[in-house]
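Everything below concerns the one structure shown next.
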Amino acid sequence: MSEPSFYHQIYRVVCRVPRGQVVTYGQVAVILGCPGAARAVGYAMHRTPHGQGIPWHRVINARGRISIKGDVYAAEAQRALLESEGVVFEDGDRVDLKKYRWPGPEDPFEFGGE
DNA sequence: GAGATGACGGGCT
DNA sequence: AAGCCCGCCATCT
């Protein structure tokens, strides 16, 4: 299409994550059809444009924790946003993925479709 | 075009 | 249990 860049697709997927739920970087990569591109997803999140209404705070690592490292404020903000959506942190800073993990799009072809 | 980056993931020590 | 290392991918400089 116009811009089949993964970045744009990543943002699109994140925007589909319902409020109160979260997804892992690796999962987003899988949804896009690139299992293993979790790193790229993280890179995209780092460059997530602000003011786009992208719920970037709903993206966490496979351990259910905030992976942000360079911006402690952003990390705390993410946690605050998640808690404000009803997400509960256990053990101090861990989210129960089996409870808040977004199952994914009902139509896998929505993103991985040709 | 090549090298370095990074908010990852899984495995091993 | 916690920390360290390697591999993966797309983007950036």
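What's counted below: heavy atoms across the whole structure, side chains too, no hydrogens, waters or symmetry copies. Chain A is the first sequence line, chain B the second, and so forth, proteins listed ahead of strands; every chain is numbered from 1.
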Touch class at under 4.0 angstrom, heavy-atom based, for A37(A) against every strand present: sugar-phosphate
State which of dG6(B), dA7(B), dG9(B) makes the closest approach to the side chain of M45(A). dA7(B)
Within residues 46-82 of chain A, find the residues that approach DNA chain B with a heavy atom at under 4.0 Å, and present them sorted by residue number. H46(A), W56(A), N61(A), A62(A), S67(A), I68(A), K69(A)
Could you state the [atom1]-[atom2] distance from [X] to [N], rounded to the nearest angstrom?
X: F6(A); N: dC8(B); atom1: CZ; atom2: P; result: 18 Å
X: Y7(A); N: dA10(C); atom1: OH; atom2: P; result: 11 Å
X: I10(A); N: dC9(C); atom1: CD1; atom2: P; result: 14 Å
X: Y25(A); N: dC8(C); atom1: OH; atom2: P; result: 21 Å

Side-chain heavy atoms under 4.5 angstrom apart, residues restricted to Ile, Leu, Val, Met, Phe, Trp, Tyr: same cluster for W102(A) and I10(A)? yes
Is there a donor on the side chain of Y43(A) or the base of dA10(C) sitting less than 3.5 Å from an acceptor on the other? no
At less than 3.5 Å, do the side-chain atoms of R39(A) and the base atoms of dC9(C) form a donor-acceptor pair? no
Side chain proximity check, F6(A) to V41(A), heavy atoms < 4.5 angstrom: no
Can you confirm whether V13(A) sits close enough to P105(A) that some side-chain heavy atom of one is under 4.5 Å from a side-chain heavy atom of the other? no
Geometric cation-pi criterion R47(A) and Y7(A), 6.0 Å radius, 45° cone: no
Option passing side chain to side chain donor-acceptor pair (under 3.5 Å) with E85(A) (candidates Q21(A), R58(A), R19(A)): R58(A)
Distance in Å, D71(A) CG paired with H46(A) NE2, rounded so as to fall on 0.5 Å steps: 7.0 Å
